[in-house]
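Notes follow once the structure below has been shown.
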Amino acid sequence: MPHRTNHPLFSPAAFELKVIRRILSSRVVFDMIKGQGKLPAMDLILEKKSVIQILEEIAVLLDLAGENPFKSRAYSNAARVLETTGESLEELIRSGQLGETKGIGKALEEKILTLAVTGTLEYYEKLRGQFPPTLFDLLKIPNLGPKKVKTLYSTLGIQSLDELEKACQARIIRALSGFGEKTEQRILEGIERVRTYAARVLLPAAESAAQPLFESVSSHPATLRASLCGSLRRRRETIKDIDLLASSREPGELIEAFTGLPQVKTITGQGSTKASVVLENGIASDLRVVADDEFPFALNYFTGSKEHNTLMRSRARTFGYRLNEYALTRENGEILSCQNEEAIYWALELDYIPPELREGLHEIGWAMNRAVPSLIEYGDLKGTLHCHTRASDGEASLEEMAAAAGALGYQYLGIGDHSKAAFYANGLDEKRLAQQWEEIDRYNRQGGPVKILKGSEVDILRDGELDFAEEILLECDFAVGSVHSQFALSEAEMTQRLICAIESPGITFLGHMTGRLLLQREPYPVDVAKVIDATARNGKWIEINSNPWRLDLDWRACLEARDKGVLFCINPDAHNTAGLADNRYGIDVARKAGLGREAIANTRELNDFCQLLKKTRPG
DNA sequence: GCCGTTTTCGGCCCGACTGTTTTCAGTCG
Ligand SMILES: Nc1nc2c(ncn2[C@H]2C[C@H](O)[C@@H](COP(=O)(O)OP(=O)(O)OP(=O)(O)O)O2)c(=O)[nH]1
Ligand SMILES: [Mg+2]
Ligand SMILES: [Mg+2]
Ligand SMILES: [Zn+2]
């Protein structure tokens, strides 16, 4: 166990009695402390991410063990709640909020606490001992759930994909009760799929694959209405499959046409109301078909999320109703007719909830209290910052970028090329930056479609110092501080590094605050809540980086930052003219975070925007 | 394991498709 005698959280002086009692209530920690006879120096051994992972793992292990599914759900739910909480685990524990959090009761509070402080949990270790970790790979195979995996393991000792594949080929799976010849075949196909294709794709990739499918379905003569649903309609950052809904008088005909589309490689399921396929590009797609008067209910169901649906259906129950994808029904069988989705929410005494907010987080509470935020819309942006040109690693000239921004209807465009430390990106030194300013001055004097604002994406060095002197940054209209190297710091170091940067007078906001690359690279360890607090204290902004690989700051964290009075700025981080259009994904993020026009700085007209920029500077 | 406009026990969303089944469990949406 690492020793850190002067850690602020665990130095005895800083300990509130309440906190000590909370920690002592944990059995393992209690024994440990008793054994030492005094309060030991402690640090949180597990970071939040690891605790979340373990909770999710416990949920799966409980399923495998055949435990009460609601218990498993409680663990999944707790993991989800922790994940969407912006506050650090340390702060949750210190403030005593952990046990107060909805979905975390006495038992889970104690388990989380024990995990965080000791790095281990007997309950977890015992469960884990029952099943080899490779069983988790088997669960990724379509149509293989906990029951079947457990059977395979306990009767045949099958632990891995390879072993399962061999067993299928040897035709010994079919001997098990509940398994047969077709199951063997399906498993083999499933293994192939898991090995070949990614489980999720980025939003834009799903969007472009969805477009032609949607066209085909909606233009089919048997189709009355059609919509994209699921995570695509909710504008999630990554997508598992393309969910399509249609209404029709001839569902069979439409489903047949869908499965026969040229993009379809394999049909993984087909019935009288829906079909599932895998496309040539490896992306899966589900089509659901209902009668036209059922369309609003089906749209609501198929848009989800699952968690939102569960909450909606529970709420319907409290009115004595039953809600499914076909109708809203009273106990006596009477049907409450709804012409559109809005009417469903109203029937449940809720305000309408836009799809982006339907994640089963706070939205039902907001809708009950008439407090659903009004969201920023596509077209609300009046300009944008943080764009690159050929001067560093961009592909377009200043003029080309400006023309493209003008074509989007923008009034201003902020150039933030890399600084000299980013040598791999041809970062600008002081001299080249000055040359770029001259070029910008010339452009602005001549007058183009947009006003170009002078900026820099200045590297944040290891210690939080910046790659340009403060005077230079203050001469810019804005400055983005970004981490592009030295990712492998501790959470405390990285947090301090970012706070140091955001406290610099010249910095406007941090670029892509957590450094994640979706489906590719985890964020570097950083206490986002602390950085956001520092951002608020210093009157700075938060960047919503619209690059689809980044979408950073994440919408969940933006949602948490909503009440802290911080302004956001949606920027494309564009490296070519086409990249400017990525701001639409940044707007998706803002909408998912419940942000309105007023919270986004670059919804302001040029003059107001420049005034706001000045306010991020001292004096 | 959580939780309370039915409150501290007894619920926890509801339905489609598949394969193996002789009436339904498992998985998925
Ligand atoms: N009522 C109910 N609806 C569900 C359940 N599972 C899924 N749905 C609905 C809501 C989902 O948004 C919709 C599509 O399911 P998907 O599995 O495709 O999930 P979704 O699109 O939300 O996310 P993903 O595909 O993973 O990116 O079906 C469930 O267990 N109960
Ligand atoms: Mg989906
Ligand atoms: Mg789906
Ligand atoms: Zn960058």
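- D241(A) places its CG atom 7 Å from the P atom of dG29(B), with the value rounded to the nearest Å.
- With both ends at atom P, the span from dT21(B) to dG26(B) equals 13 Å, rounded to whole Å.
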Salt bridge (charged side-chain N to carboxylate O under 4.0 Å, His left out) assessment of D137(A) paired with K140(A):
CA-CA 5 Å; D137(A) 297 335; K140(A) 297 201 181 84; 3.6 Å; yes
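- In this entry dC12(B) has dG1(B) as its Watson-Crick or G-U wobble partner, both defining distances falling under 3.5 Å.
- A donor-acceptor distance shorter than 3.5 angstrom exists from the side chain of S247(A) to the backbone of R225(A), with no hydrogens or angles considered.
- Enclosure of atom CZ in R195(A) by more than 12 non-hydrogen atoms of other residues, nucleotides or ligands within 6.0 angstrom is indicated.
- Here dT27(B) presents its C1' atom at 14 Å from CZ of R193(A), a figure rounded to the nearest Å.
- Counting non-hydrogen atoms under 4.0 angstrom, N77(A) reaches nothing in the nucleic acid.
- Rounded to an integer number of Å, the gap from CD1 of I187(A) to C1' of dT27(B) is 12 Å.
- Rounded to whole Å, the separation between the P atoms of dT20(B) and dT27(B) comes to 13 Å.
- dG10(B) and dA25(B) are spaced 25 Å apart, taking the C1' atom of each and rounding to whole Å.
- For D286(A), the listed nucleotide lying nearest its side chain is dG29(B); candidates were dT6(B), dG29(B), dC3(B).
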With B for base contact, S for sugar-phosphate-only contact and - for none (protein heavy atoms under 4.0 Å), nucleotides 13-23 of chain B reads BBSSSSSS---
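- Atom-to-atom distance recorded for T318(A):OG1 and L348(A):CG is 8.0 Å, nearest 0.5 angstrom.
- Taking the centre of each ring, Y326(A) and F297(A) stay at or above the 6.0 Å mark.
- Using a 4.5 Å cut-off on side-chain heavy atoms (C-beta onward), R315(A) and L350(A) make contact.
- For the C1' atoms, the distance linking dC12(B) with dT8(B) amounts to 15 Å, nearest Å.
- Rounded to whole Å, the distance from CG on L232(A) to C1' on dG29(B) is 15 Å.
- Within residues 127-155 of chain A, the residues that have a heavy atom under 4.0 Å from DNA chain B are, in order of number, I141(A), P142(A), N143(A), L144(A), G145(A), P146(A), K147(A), K148(A).
- Atom CG in D243(A) sits about 15 Å away from atom P in dC28(B), given to the nearest Å.
- Remark: the separation of the C1' atoms in dT6(B) and dG11(B) is 11 Å, to the nearest Å.
- Here the C1' atom of nucleotide dG1(B) and the CD1 atom of I104(A) are 12 Å apart, to the nearest Å.
- Geometrically, R174(A) does not engage F179(A) in a cation-pi contact, judged by NZ or CZ lying under 6.0 Å from the ring centre and within 45° of the ring axis.
- The side chain to side chain donor-acceptor pair (under 3.5 Å) check on R128(A) picks up Y124(A), E125(A), with sequence neighbours excluded.
- Look at the P atom in both dC9(B) and dC17(B): the space between them is 42 Å, to the nearest Å.
- Summarising the geometry, the separation between CD1 on I112(A) and P on dG1(B) is reported as 12 Å, rounded to the nearest angstrom.
- In this structure, the side chain of R288(A) does not engage the main chain of L245(A) through any donor-acceptor pair within 3.5 Å.
- When the P atom of dC2(B) is taken as reference, atom CD of E100(A) falls 13 Å away, rounded to whole Å.
- With a 6.0 Å cutoff to the six-membered ring centre and a 45° limit on the axis angle, R358(A) does not count as a cation-pi contact of W366(A).
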